[in-house]
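These notes concern the structure reproduced below.
When reading the values below, keep in mind they use all heavy atoms of this one structure, side chains included, and skip hydrogens, waters and symmetry mates. The structure displayed is predicted, hence computed values, not measured ones.
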Amino acid sequence: LRDTEISVSFMNRCLYSDLHDIFVNINSGEPLNSQEKRNAINTPISEFLRKISERNDIADMWPKISGFNDSNIKRSQDTEWAALAYVSTLREYEMDGKDSKLDELYLLGKGKLNKDVKQYSNYHRTRFSNILSIASNLVKNCKIHAGKAIAQKHFWAFLMTSEYLYDNNIAIPDYEGISSLIISVDESLSRESNIQFSKDIELAELNSEDLPQKSNYYFFHQSNFKSQNSRKNRRNALIDRLINSEEFLQFLEEPEEVA
């Protein structure tokens with residue numbers, strides 16, 4: 001760093017509401033990614049999502065997910081995923097996870113307080129914090145891949161399950177066992193849908209009918225977590241299969257007291 005020149009600019013009489021645009025313009029030489037631009041928006045959800053993604057119990061989770069590394073985390077990949085997870089759990093306000101929709105979530109609160117935006121309510125923020133904590137424990141206790149990072153698709157399966165567990169006030173006695181079961185169910189549904197897709201193609205060709213669309217099958221929903229519709233279809237199928245499995249019911253049984 002010795003003899004390095006640093007450019008310093010002084011901006012006088014700037015409105016606080018103008019700081020986002022000023023920040024983006026100043027950094028135009030080194031292109032900011034979409035999440036870095038969102039971080040600079042004057043909205044309370046920006047601080048909330050940044051802080052929760054960096055919270056110790058959550059920050060420990062990101063490196064255990066495939067595709068995360070120190071460089072990406074420094075460029076706000078963790079906060080972007082926190083934002084994606086947030087919009088995935090907003091119930092009646094759930095939305096797609098594409099950039100334009102995340103921008104929309106942030107801009108809802110530009111220059112406002114949390115209480116002024118329904119999507120930022122204390123209920124939604126507290127609920128999300130608890131759901132993400134459960135998901136983090138599932139990720140960190142997952143041993144199915146022997147120390148390797150879990151696949152991104154499995155994080156979203158964990159998040160969907162965590163939402164169900166939290167909303168139904170279900171305590172988890174064995175995070176490692178439940179995480180393995182979630183992945184097993186998720187992969188079984190994916191394999192079954194692939195087999196069914198192949199059968200449906202053969203039948204359509206035999207009858208000279210239109211070929212089936214991949215978007216109607218679980219394996220497609222499994223890899224398309226940014227789509228609100230795919231999330232809904234995957235969530236319904238995953239949770240239904242999971243909670244009706246004997247293994248899941250066994251995990252929830254109270255251990256017998258030793259005499």
Side-chain angles (χ1 to χ4, degrees), residues 64-68 80-81 83-102 104 131 134-135 138-139 142-146 148-168 170 172 174-252:
K64 299 183 182 298
I65 301 173
S66 177
F68 277 81
E80 181 178 40
W81 271 51
L84 286 167
Y86 189 75
V87 300
S88 300
T89 60
L90 270 179
R91 286 191 163 180
E92 68 268 28
Y93 301 112
E94 184 178 353
M95 59 179 69
D96 275 354
K98 55 188 178 183
D99 280 338
S100 61
K101 287 297 183 179
L102 294 183
E104 182 180 311
I131 290 171
I134 296 172
L138 288 170
V139 170
C142 182
K143 303 295 192 296
I144 198 167
H145 296 305
K148 295 182 180 179
I150 70 164
Q152 294 186 1
K153 61 183 178 181
H154 293 150
F155 166 78
W156 297 105
F158 287 169
L159 185 74
M160 292 170 182
T161 305
S162 299
E163 184 176 15
Y164 175 84
L165 294 171
Y166 177 76
D167 288 342
N168 289 277
I170 298 174
I172 302 178
D174 180 4
Y175 278 102
E176 181 180 347
I178 291 288
S179 66
S180 297
L181 177 60
I182 294 168
I183 290 176
S184 176
V185 170
D186 190 49
E187 289 305 308
S188 291
L189 287 167
S190 181
R191 286 193 300 272
E192 290 169 13
S193 68
N194 260 302
I195 293 172
Q196 187 62 51
F197 178 59
S198 297
K199 290 181 178 179
D200 291 345
I201 288 178
E202 291 180 2
L203 184 61
E205 290 175 340
L206 181 64
N207 296 323
S208 300
E209 298 174 345
D210 292 338
L211 295 179
Q213 299 297 311
K214 288 184 178 180
S215 57
N216 293 324
Y217 296 83
Y218 190 90
F219 68 85
F220 176 87
H221 303 315
Q222 187 188 43
S223 62
N224 195 24
F225 65 86
K226 289 189 176 183
S227 165
Q228 180 181 353
N229 185 58
S230 281
R231 283 200 307 266
K232 178 181 178 181
N233 286 314
R234 183 186 184 191
R235 183 190 295 122
N236 289 341
L238 174 66
I239 298 303
D240 181 68
R241 176 72 66 87
L242 180 68
I243 66 175
N244 287 297
S245 68
E246 291 185 9
E247 295 93 333
F248 182 78
L249 297 175
Q250 289 173 359
F251 276 122
L252 302 184

Do [X] and [Y] come within less than 4.5 Å of each other through their side chains, counting heavy atoms only?
| X | Y | answer |
| --- | --- | --- |
| F248 | I178 | yes |
| Y164 | L242 | no |
| K226 | D96 | no |
| L238 | Y218 | yes |
| K214 | N224 | no |

Search all heavy atoms of [X] against all heavy atoms of [Y] and return the closest pair with its distance.
| X | Y | result |
| --- | --- | --- |
| L249 | I243 | CD2-O, 3.8 Å |
| S88 | L159 | CB-CD2, 4.3 Å |
| Q222 | S190 | OE1-OG, 3.0 Å |
| I134 | Y175 | O-CE2, 4.0 Å |
| S230 | H221 | OG-ND1, 3.1 Å |
| S179 | C142 | OG-CA, 3.4 Å |

Look up atom [atom1] in [X] and atom [atom2] in [Y], then write down how far apart they are to the nearest 0.5 Å.
| X | Y | atom1 | atom2 | result |
| --- | --- | --- | --- | --- |
| L181 | I144 | CG | CD1 | 9.5 Å |
| D99 | E80 | CG | CD | 6.0 Å |
| L189 | S184 | CG | OG | 9.5 Å |
| Y86 | I131 | OH | CD1 | 10.5 Å |
| N236 | R231 | CG | CZ | 12.5 Å |
| I172 | L165 | CD1 | CG | 4.5 Å |

Is the closest basic N to carboxylate O distance between [X] and [Y] below 4.0 Å?
| X | Y | answer |
| --- | --- | --- |
| K199 | E202 | no |
| D186 | R234 | yes |
| E187 | K153 | yes |

**Asked** Counting only heavy atoms not in E209, do more than 12 sit closer than 6.0 Å to its CD atom?
**Response**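 Buried by this count: over 12 neighbours within 6.0 Å.
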**Request:** Determine whether more than 12 heavy atoms belonging to other residues, nucleotides or ligands lie under 6.0 Å from atom CG of D210.
**Result:**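 Open: at most 12 neighbouring heavy atoms sit under 6.0 Å from CG of D210.
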**Request:** State which residues pass ring-ring contact (aromatic ring centres under 6.0 Å, His included) with F220; sequence neighbours excluded, sorted by chain then number.
**Result:**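 ring-ring contact (aromatic ring centres under 6.0 Å, His included) check on F220 returns nothing, list empty.
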**Prompt:** Among N194, N233, D200, which one satisfies side chain to side chain donor-acceptor pair (under 3.5 Å) with Y217?
**Reply:** D200
**Prompt:** Distance-only, no hydrogens or angles: does the S180 side chain make a donor-acceptor pair with backbone N or O of E176 under 3.5 Å?
**Reply:** yes
**Prompt:** Backbone N or O of F219 within a donor-acceptor pair of the R191 side chain at under 3.5 Å?
**Reply:**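 Between the backbone of F219 and the side chain of R191 there is no qualifying donor-acceptor contact (under 3.5 Å).
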**Message:** Tell me every residue that passes side-chain contact (heavy atoms from CB on, under 4.5 Å) with E92, counting only those two or more places apart in sequence or in another chain.
**Reply:** H124
**Message:** Apply side-chain contact (heavy atoms from CB on, under 4.5 Å) to residues Y93 and V87 and explain how you reach the verdict.
**Reply:** CA-CA 8 Å; Y93 301 112; V87 300; over 6 Å; no
**Request:** Return yes if a side-chain donor-acceptor contact under 3.5 Å exists between N244 and D240, otherwise no.
**Result:**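 Short answer, yes.
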**Asked** So W156 and F225, would you call those rings parallel, tilted or perpendicular, with 30° and 60° as cut-offs?
**Response**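 W156 and F225: parallel rings.
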**Request:** Under the side-chain hydrogen bond (donor to acceptor under 3.5 Å, both in side chains) rule, collect the residues that match up with E163, sequence neighbours excluded.
**Result:** R127
**Request:** Could you go through the side-chain contact (heavy atoms from CB on, under 4.5 Å) check for K101 and Q228 one step at a time?
**Result:** CA-CA 11 Å; K101 287 297 183 179; Q228 180 181 353; over 6 Å; no
